*Asks:* 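Supplied in C-alpha cells, the structure appears directly below.
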Amino acid sequence: MNALILVDLQNDFMPGGALAVADGDAVVPIANRLMPHFDIVVATQDWHPAIHKSFASQHEGTSIGDVVKLNGLEQMLWPDHCIQDSLGAALHADLDAGRIQRVFQKGTDIDIDSYSGFFDNGYRQGTGLSEFLREHNVADVSVMGLATDYCVKFTAFDAVKLGLTTHLIKDGCRGVNVNPGDVDRALEEMSRVGVRVVTAAEIQTGEKSKKT
Ligand code: VGL
Ligand code: ZN
C-alpha cells in the first residue's frame with residue numbers, strides 16, 4: 001500500500017499566517033489533485049500549547065530566529081503559531097479534508113519541538129503515524145506540504161529511517177528559507193539519504209512508480 005503524507009497544510013503557514021511560507025497556499029490544489037492517486041492519505045498538524053517553548057515569546061530577551069538550547073537540543077525560536085484549537089492551527093479550508101483518513105498532531109509537549117510528523121525532535125515520543133502506516137501495510141510514502149526545510153524534511157528523513165520507500169513531491173512543497181538556499185540544501189540532503197524527488201505530474205501520470 002502507498003500513502004500520501006500532507007505536512008502542516010495549516011492556516012498559520014499560509015500567506016497572512018503567523019509563520020507564513022511564501023506561496024504556501026499554492027500547494028493546496030496540488031494536494032487535492034493528488035489525493036485520489038493514493039491508497040491512504042494522512043495529514044500532520046502542528047499543534048502547540050500557547051506556552052510552547054519553541055515560541056520566542058516564551059524566552060525573555062530573545063527574538064524570532066534566535067537559537068536556544070532546549071533540554072539539550074538546539075531550538076530555533078519561532079513566532080507564536082499553530083496554537084491548539086486556533087484558526088491558525090486549522091487545516092486550510094480548501095483542502096479536501098474528506099479524503100484525509102487520519103490527522104496526526106505534533107508539537108503538543110511544551111518542552112520539545114516536533115518537526116517530523118513521526119516523532120518529536122528528541123525521539124522521545126511518537127505521534128502514532130508509524131504504527132498507523134504499519135497497521136495499514138504501507139511500504140511506500142510520498143511527502144508534500146510545508147515547510148520544505150523543516151517539517152517536510154524531517155518527516156521524509158524519518159520515513160527513510162523507518163524503512164519506507166520515500167518520495168518527496170518537490171512542487172508540492174514550499175519552504176521558509178530562514179537562510180537563503182535552505183530549501184535547495186534540504187532537497188539535496190533528502191536526496192542524499194535516499195528520498196526520491198518527484199513531481200506532482202509524475203504521480204498523476206504514473207511515472208513516479210518507475211523511478212528508483
Ligand atoms: C514548522 C517551524 C515551526 C513546519 C513548524 O511546519 O515546517 N516550522 N513549526
Ligand atoms: Zn511549530
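One-based numbering, in listed order, for ligands and for the atoms of each. No experiment lies behind these values; they were computed from the predicted model shown. The first residue in the sequence is number 1, and the count goes up from there.
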*Asks:* Are I40 and M1 packed together at the side-chain level, in the sense that at least one heavy-atom pair is separated by less than 4.5 angstrom?
*Replies:* yes

*Asks:* Would you compute the distance between atom CZ of F55 and atom CG of L19 and round it to the nearest 0.5 angstrom?
*Replies:* 9.0 Å

*Asks:* Specify the protein heavy atom at minimum distance from atom 5 (C) of ligand 1: its residue, its atom name, and the distance to 0.1 Å.
*Replies:* D46 OD2, 3.1 Å

*Asks:* Under 4.5 Å between any side-chain heavy atoms of V41 and R102, yes or no?
*Replies:*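 The answer is no, as the side chains (C-beta and beyond) never meet within the 4.5 Å cut-off.
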
*Asks:* For Q125, does the CD atom have more than 12 heavy-atom neighbours from other residues, nucleotides or ligands under 6.0 Å away?
*Replies:*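 No.
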
*Asks:* Can you tell me the protein heavy atom closest to atom 6 (O) of ligand 1 and the distance?
*Replies:*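 Ranking protein heavy atoms by distance from atom 6 (O) of ligand 1, first comes D8 OD2, 2.6 Å.
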
*Asks:* Does K170 have more than 12 heavy atoms from other residues, nucleotides or ligands lying within 6.0 Å of its NZ?
*Replies:*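 Open: at most 12 neighbouring heavy atoms sit under 6.0 Å from NZ of K170.
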
*Asks:* Counting only nitrogen or oxygen atoms and a 3.5 angstrom limit, does A147 reach ligand 1?
*Replies:* yes

*Asks:* So for atom CD1, which belongs to I51, do other residues, nucleotides or ligands contribute more than 12 heavy atoms lying within a distance under 6.0 Å?
*Replies:* no

*Asks:* With a 6.0 Å cut-off on ring centres, are Y150 and W78 close enough?
*Replies:*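 Yes, the ring of Y150 comes within the 6.0 Å limit of the ring of W78, centre to centre.
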
*Asks:* Going by chain and residue number, what protein N/O/S atoms come nearer than 2.8 Å to the Zn ion (ligand 2)?
*Replies:* D46 OD2, H48 NE2, H81 NE2

*Asks:* State whether D149 and R185 are salt-bridged, where the test is any N-O pair (Lys NZ or Arg NE/NH1/NH2 against Asp/Glu carboxylate O) under 4.0 Å.
*Replies:*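 No.
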
*Asks:* Within the structure, does Y150 bring an N/O atom to less than 3.5 angstrom of an N/O atom in ligand 1?
*Replies:* no

*Asks:* How does D113 reach ligand 1, by side chain, by backbone, by both or by neither, if only non-hydrogen atoms under 4.0 Å count?
*Replies:* neither

*Asks:* So, is C151 polar-close to ligand 1, with some N/O to N/O distance under 3.5 Å?
*Replies:* yes

*Asks:* Taking non-hydrogen atoms only, is H81 closer than 4.0 angstrom to ligand 1 via side chain, backbone, both or neither?
*Replies:*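 The part of H81 near ligand 1 is the side chain, not the backbone.
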
*Asks:* If you look only at pairs with a residue in residues 22-33, which of them pass as a salt bridge (Lys or Arg N to Asp or Glu O under 4.0 Å), with sequence neighbours excluded?
*Replies:* D23-R174

